[in-house]
Amino acid sequence: MNGHNMPDTERDTPALPLLVVEDDPAILELLEEELADAGYATLTATSAEQALATLSHSEVALVISDVRLPGIDGMQLLERLRREGSTVGFIVITAFGTIDQAVEALKQGADDFLTKPLDLEGLREAVYRVLESRRLASRLASDGAANSFHGIVGESEAMQSLFHDAARLADSDAPMLLLGESGTGKELMARAVHAESPRRDGPFVAVNCASIPAELMESEFFGHVKGAFTGADESRQGLFQAARGGSLFLDEIGEMPVALQAKLLRALQEKSVRPVGAEREDAVDVRIIAATHRQLEEEIEAGHFRSDLFYRLETFSLRIPPLREREGDIERLIPALIDKHAGQQDKRIARIEPAALEALLGYDYPGNVRELENAIMRAVTLAEAGQLCHADLPQRLRDQGEARRRACRETRADSTLASTATQADWPSLEEVEKRYIRKVLAATGGNKRRTAEVLGIARRTLYRRLEEE
């Protein structure tokens, strides 16, 4: 989906610095260099106590902390910050990671969990995801209910144009036709138009034309009198009468039989209906709002839809754009839908895992807003400890997100190779590895056991590498 692929982390870096907490000088230097290369400013601390002192007088965008620290460890640092009400982003790094420790870190309010030896590209991606998640949450908190139309969220140009047109057409009593793919929210727009109209205090009656058997449609729409047909033991009002003084929403009008379309057209023209078996017309004051995902011009050519009814409805028509055309709206819809379904399930979702946010933002959504909402409803249902996680999402979202990340890494690797292929003075990968080993060895004072730990390799592997120099 255009606009939602993860950009290089060099772009859109935050104004605030990142705080790196690490007691190993070599790793601290490595993290500083890597983050600086990605465009981030950094502050550093070699203990949790020093980190707390820094945080007392400096605002930071994100804390990246080792777990094993002298004195207060990284987990205790995280717990203390959350207890004091700090919402700063937090990534935990450890060489001794376990699944249980990862789960505990997330429960304490960590945004991500990485293990040593660090995958530096993975670190960049994690930093980007956490900062993007925090940026989104901050933006939504400041935006409030702006850029919405009777509960429909949308700040994209396409949706703002739709809101403007819908508000102008709401005052009319003329029939309206809503066009759009399945899942774009046509019924929500119909309800919004009704709420904006002078009929807002009247009833809003919705019916899906595809769900009513053809032989019952006339009675359902126009009502019947007692004895009109077998089983009609008493008179019954139809949908038109039920919607009197308000709006009648006919969803999937393209599924309506042609014979009933003629009677609907007459009802629109005469503003009256004849119940089945009745001798006289019944005046009804109703505004019709119809909707379809079909191409009605094609249905007319095929003989499945009346052209005169189409032209009557199409005069006041609105097209609901698919989600792929609503640039930037997905990131507004996600928290709104999380809040909606968390409220319905009496749950509190305080955080969304960065990997989950990335997957939600990067998916293509052929089922549009309905598919997005169903994915979030599932994730909220499965969420534990107040956090919506990547594993809570439907498999198709997780699979596409992983495919995007692989493609992104391959593209970046190809780009890097292409840009450096002509740089004859650049060191080889083997030389870079040797330099790094010597650098870590010097930082540990020649301690080969500690050097092997930092590098994440066995001591015998380290000895072999040193012998090869």
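Sequence positions, counted from 1, serve as the residue numbers for this chain.
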Side-chain donor or acceptor of Arg68 paired with backbone N/O of Gly74 under 3.5 Å: no

Sub-4.5 Å side-chain heavy-atom contact between Thr42 and Leu19: no

Glu84 atom CD: more than 12 heavy-atom contacts under 6.0 Å: yes

All side chain to side chain contact (heavy atoms under 4.5 Å, CB included) counterparts of Glu371, not counting sequence neighbours: Tyr363, Tyr365, Pro366, Arg396

Residue pair Ser161 / Glu157, side-chain donor-acceptor N/O under 3.5 Å: no

Side-chain donor or acceptor of Lys186 paired with backbone N/O of Ile320 under 3.5 Å: no

Derivation and outcome, side-chain contact (heavy atoms from CB on, under 4.5 Å), residues Asp392 and Val380: CA-CA 8 Å; Asp392 300 329; Val380 169; over 6 Å; no

Salt bridge present between Glu298 and Arg294 (N-O < 4.0 angstrom): no

Partners meeting side chain to side chain contact (heavy atoms under 4.5 Å, CB included) with Asn368 (sequence neighbours left out): Glu181, Thr184, Pro322, Leu323

Pairing residues for His341 by the side-chain hydrogen bond (donor to acceptor under 3.5 Å, both in side chains) criterion, not counting sequence neighbours: Gln344, Glu373

Minimum heavy-atom distance Thr292-Gly254, with the two atoms named: OG1-N, 4.0 Å

Audit row: Arg191, Glu196, salt bridge (charged side-chain N to carboxylate O under 4.0 Å, His left out) steps and yes/no: CA-CA 9 Å; Arg191 291 182 180 276; Glu196 183 77 8; over 6 Å; no

Set of ring pair (Phe, Tyr, Trp, His ring centres under 6.0 Å) partners for Phe316, sequence neighbours left out: none

Show which side-chain atoms of residues 382-389 pair as donor or acceptor with protein atoms under 3.5 Å away, not counting sequence neighbours.
residue, atom, partner, partner atom, Å
Gln387, OE1, Arg351, NE, 3.1

Polar side chain donor-acceptor pair, Thr44 to Glu32, under 3.5 angstrom: no

Audit row: Val60, Val88, side-chain contact (heavy atoms from CB on, under 4.5 Å) steps and yes/no: CA-CA 7 Å; Val60 303; Val88 67; 3.8 Å; yes

Within residues 179-203 or reaching into it, pairs that qualify as ring-ring contact (aromatic ring centres under 6.0 Å, His included) - sequence neighbours excluded: His194-Phe204

Backbone N/O of Asn374 and side chain of Arg378: donor-acceptor pair under 3.5 Å: no

side-chain contact (heavy atoms from CB on, under 4.5 Å) assessment of Ile289 paired with Leu250: CA-CA 6 Å; Ile289 304 176; Leu250 306 180; over 6 Å; no

Spacing of CZ belonging to Arg129 relative to CG belonging to Asp111, to within rounding of 0.5 Å: 11.0 Å

Check: Asp23/Thr46 side-chain N/O donor and acceptor closer than 3.5 Å: no

